[in-house]
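To keep things clear, I will list the structure first and then write my remarks on it.
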Amino acid sequence: MEIPKNRLLPDTAQINSLGHLEIGGVDVVDLAKRYGTPIYLYDETTLRNRMREFVSSLKETYPKSKVLYAGKAFLIKKMTRILAEEGLGLDVVSGGEIYIAKESNFPMENVYFHGNNKTIEELKFALEVGVRNIVVDNLDELKLLVSLVKRRPINILFRLTPGVDPHTHSYISTGKIDSKFGFQLNSKDLETAVELVKTDTFLNFKGLHCHIGSQIFDTKFFRISAEIMAEQVVTFTKKWNLPVEELDMGGGLGIAYKPSDDPPTPKEMAVSVADPIGEVCNREGIELPTLILEPGRYIVGNAGVTVYTVGTIKEIPEIRKYVSVDGGMADNPRPMLYQAEYTAFLANKMNKIPVETVTIAGRFCESGDILIDKAVLPTVENGDVLVISATGAYNYSMSSNYNMCPRPIVIGVRDGKDEVWVEREKYSDLVRLQR
Ligand code: LLP
């Protein structure tokens, strides 16, 4: 087996003298022996590399800029500490995510609160702990805020729906008009919201936001949405006399899940959004807004792998060979939800040549719990340590206790040392809240 060149595995991945996969200077086979499996394994070096790369690519392209990490991809206390050290802000979507940021003393002025149905309790909690930037999704939310914010002013951004559908690979201006998120462009609600914000003393209009989708491989969709949003900057500034200080273009940059994937770089994403904004503001003589991007997957996706142990193997002659591992849809629901495709490695057989195509099945009680339909591997045997790459984003954060299985341990590695970031759940955790 080889380490793919497209940054599918963490940056520090290599094959050691024992023929084992090593990440962050730590032998993955040894790690599996010491901690048991499954393990969500994160390489801190890769996390920091991706953060620095994203921040510097954007800064070089558009100096007046900020990067917010989208916490929904993977948020634990350790993550918020690394983010603070690397100077990134944080995009949160729930009271729980705000709580994690607060618990680790993350600077609350760098937190932006999103969501299409923030509850009163969540908004109150956000204001109480010092969140100052609210991305307002709709008119009802704005009215709620008017009633809640009566002392210290807060900053608000309006989330708009630019009508770009990146998943169909075609620009259908009516397609994404059907979205639960954001104000529709040129709508009555948006006009009412504009009037409301102009007359309220405590709501400080800061700017505009959009997010067109995730795992995007074609940067033309970023460009199209930036063109639309730049025209909105003109409308807000000139027609409504509401200068746009911040323009937040969301996240969505795709990553590699397979050795053949060739996603765009942060630099390419930055250029595709910065160009139209620069052109339009220049043409209209408008001051450039601060450009914000919100990568989630790009920062954490390839920094994480999941480590499993191979259990039972079942061969159906002429049909397929099922290789079952000790995890599955509860720690990685993405293959079932999005038909996401992944790549497997045998950490203890990295020097062996791939010779067979097998199906990697999960341990959960559903026939559809298949992690990889066709994995090409060296001869697989019971007890092998199987690693699935690029599981750093939306795996831990979307995991469940299905079949009453405790969630895996989360381990971070760096410079030959391993550290437990989140303990493995125990059976007693399964009944902790039950009366
Ligand atoms: N900003 C906003 C407002 C978002 O809604 C999202 C993702 C992001 C930023 C970050 O997007 P990213 O850079 O990670 O693509 N569970 C799905 C992904 C859902 C993404 C939701 N919003 C998955 O596993 O593929």
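Predicted, not measured: the structure shown is a model, and the values here were computed from it. Each ligand, and each atom within it, is numbered from 1 in the order the structure gives. The first residue of the sequence shown is numbered 1, and numbering continues consecutively from there.
Ranking protein heavy atoms by distance to atom 1 (N) of ligand 1, first place goes to E294 OE1, 2.6 Å. For atom 24 (O) of ligand 1, the nearest non-hydrogen atom of the protein is R334 NE, 2.6 Å. Counting only heavy atoms of the protein, atom 21 (C) of ligand 1 lies nearest to K72 CD, 3.8 Å. Protein heavy atom closest to atom 20 (C) of ligand 1, with residue, atom name and distance, is Y394 OH, 3.6 Å.
Here V135 has no heavy atoms under 4.0 Å from ligand 1, in either its backbone or its side chain. With a 4.0 Å heavy-atom cut-off, ligand 1 is reached by the backbone of S214 and by its side chain too. The proximity of M269 to ligand 1, defined as any non-hydrogen pair under 4.0 Å, does not occur for either the backbone or the side chain. Residue contacts with ligand 1, taken as heavy atom pairs separated by less than 4.0 Å, involve Y338 solely via side-chain atoms from C-beta onward.
Considering each of G254, A70, G252, the one bringing a non-hydrogen atom nearest atom 13 (O) of ligand 1 is G252. Around atom 11 (O) of ligand 1, the closest heavy atom drawn from H114, R297, H211 belongs to H211.
For the salt bridge (charged side-chain N to carboxylate O under 4.0 Å, His left out) test with E44, the passing option among R50, R414, R81 is R414; the others fail. The one candidate from E245, E109, E246 that meets the salt bridge (charged side-chain N to carboxylate O under 4.0 Å, His left out) condition with K66 is E246.
Residue contact check: P295 has heavy atoms under 4.0 Å from atoms 13 (O) of ligand 1. Distances below 4.0 Å separate heavy atoms of H209 from the following atoms of ligand 1: 3 (C).
Not less than 6.0 angstrom separates the ring centroid of H211 from the ring centroid of H114. The aromatic ring centres of Y42 and F74 sit less than 6.0 Å apart.
Geometric assessment of R159 against the ring of F181 yields a positive cation-pi assignment under the 6.0 Å and 45° thresholds.
Y308 and D331 share a side-chain donor-acceptor pair at under 3.5 Å.
Atom-to-atom distance recorded for K124:NZ and I120:CD1 is 6.0 Å, nearest 0.5 angstrom.
Taking each heavy atom of L31 and I39 in turn, the nearest pair found is O-CD1, 4.0 Å.
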